[in-house]
Amino acid sequence: MSDALTELHVRLAEISDLNAAGGLLGWDQQTMMPVRAAESRAEQLGTLGKLVHERFTDDAIGRLLDAAKPAPGSSDAALVRVTRRDWKKARRVPSELAAELARAGALGHQAWVEARERADFGAFLPSLRRNVELKLRYVECFDGYDDPYDVLLDDYEEGMTSAEVDALFTELRAGLVPLIAAIAERADAVDASVLHGDFPVEGQRALVRRVVERLGWSADGWRLDDAAHPFATSFGPGDVRLTTRYDPAYVGMALYGAIHEFGHGLYESQVDPALARTPLGEGVSLGVHESQSRLWENVVARGRPFAGWLHGQLREVFPERFGAVGEEAFYRAVNKVQPSLIRVEADEATYGLHIILRFELERAMIAGTVALEDLPEAWNARMRQYLGVEVPNDAVGVLQDVHWSGGDIGYFATYALGNLIAAQLWERARADLPDLDSALAAGDGNALRGWLGEHVHRFGRTYPPRELVLRATGSAIRVEPFLAYLNAKLRPIYGLD
Ligand code: ZN
């Protein structure tokens, strides 16, 4: 290894350690921290963030990247490519603008919390205006794009363009709308009431723990804690943190939420340990990350084979509730399709329309083709058009998501891309693993875990997301496998055709 490459590794490892320390502070903030620590925690996170930014954007990193000379095709060549990309992007944004974005995001978050409580979009409007203005200034720091929104997308999904997402979403919408309409005609065919009622949290904890342990969670390398807004994170090999939240009146929230986060955690846990403490040692993009969580949550855990095993677990933990409920009734219940107001509670089929709505509005916000004060109206009109749902107030409409309050514009599309990639991976994995269904029917996710590790996880950020998807599935991101999967599952459940 050249001296420059060695020094680059040393510097990047230190930055990675600082990031991990900041990540741990953030995990603590959302799981353990007493509320009065909020101010001091913000200072600590600010200091660490500043240290990381200074160290990473240093001229010396650029000199080391130029001098590194890694062997072509090696892991170090990927390291240099990814680090140069991150370094250039970070240096494009003046530190005053970066600080202003962070500050406006924090203030916007507070304004959003209050505005949502009062269902008062007008109270949030000045913050949103500020966030959009700053994002437009952020876009101006870059060049060489066709559409300003591409710059924002690229922060979450490297190399993805608005035009590509638009084409995918047009096809997705054309497939979803008639399927959902046909299901709506037969809405009563599925009864999900078995999932609602009295489910003591202690029982749910035992259930969730049992399920994630069967999937690959282990106490010596993982944690599972409570959080108001569930997430998964990792601070290096052997340290994956999952969170979930419990609703004593609905057993699906904690169970499926934990399986979702398990998918994220598994991805991080199976990145090649040799990539640890480098920019390559984590998931490659939000879309690919979300494909992992949704694969386990929806495709596996709402799929017929695994749902049978899951039903057995529920029967053991809650015999009085599930004693008289058959596997098939449970499987149908967890796949109920119901157009609704709230994205995070949406089923697998309607979810995509919630995302398409947000993507369209975000593009219009950045292009200036919708006046921000008209957003509630634009939102409500699309909810009516796409889902047939009337929005009673902005708290459950345009104000429902946290993203825009913090300036996260360009993020939403990755959720739906995750669903598409998950279906493509599933198609491939099933072809490669003929015994997959019978393994999952026994609650055994080993083979699938191994397959994902081999084809997706181990590479971390070695390949750009586009290339990773191509290598793992044999094609670019496509809509057709997802629609085929949804139709194959939902049409028999609802007795369509
Ligand atoms: Zn997720």
Salt bridge check, [Y] against [X]: does any charged N sit closer than 4.0 Å to a carboxylate O?
X    : Y    : answer
R205 : E202 : yes
R92  : D143 : yes
R358 : E362 : no
E297 : R294 : no

Seminar exercise, completed: The salt bridge (Lys or Arg N to Asp or Glu O under 4.0 Å) partner of D28 among R241, R223, R41 is R41

Would a 4.5 Å heavy-atom cut-off, applied to side chains only, mark [X] and [Y] as touching?
X    : Y    : result
H354 : Y415 : no
R116 : F124 : no
E268 : H289 : yes
T161 : Y149 : no
E360 : D166 : no
R461 : D86  : yes
T57  : K89  : no

Taking all non-hydrogen atoms of both residues into account, name the closest pair between [X] and [Y] and its distance.
X    : Y    : value
A416 : I355 : CB-CG2, 3.6 Å
A68  : V80  : CB-CG2, 3.9 Å
A98  : V93  : N-CG1, 4.0 Å
R81  : T462 : NH2-O, 3.4 Å

Distance-only donor-acceptor check, side chains [X] and [Y], under 3.5 Å:
X    : Y    : result
T47  : Q44  : no
D225 : T243 : no
D272 : H457 : no
T414 : E290 : no
T350 : D347 : yes

Parallel under 30°, tilted from 30 to 60°, perpendicular over 60°: which one fits the rings of [X] and [Y]?
X    : Y    : answer
H109 : W112 : tilted
W404 : W379 : perpendicular
H260 : H264 : perpendicular

Side-chain polar contacts of residues 30-40 - donor-acceptor pairs under 3.5 angstrom, sequence neighbours left out - could you list them?
| residue | atom | partner | partner atom | Å |
| --- | --- | --- | --- | --- |
| T31 | OG1 | W27 | O | 2.7 |
| S40 | OG | A37 | O | 3.1 |

Exercise. Between the side chain of E261 and the main-chain N/O of T233, is any donor-acceptor distance below 3.5 Å?
Worked result: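 A pair under 3.5 Å: no.
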
Determine whether the aromatic ring centres of [X] and [Y] lie less than 6.0 Å apart.
X    : Y    : answer
Y256 : F262 : no
Y411 : Y156 : yes
F142 : Y138 : yes

Exercise. Of the options Y386, F482, F412, F359, which is the one that meets F169 in a ring pair (Phe, Tyr, Trp, His ring centres under 6.0 Å)?
Worked result: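 So the option named by the test is F359.
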
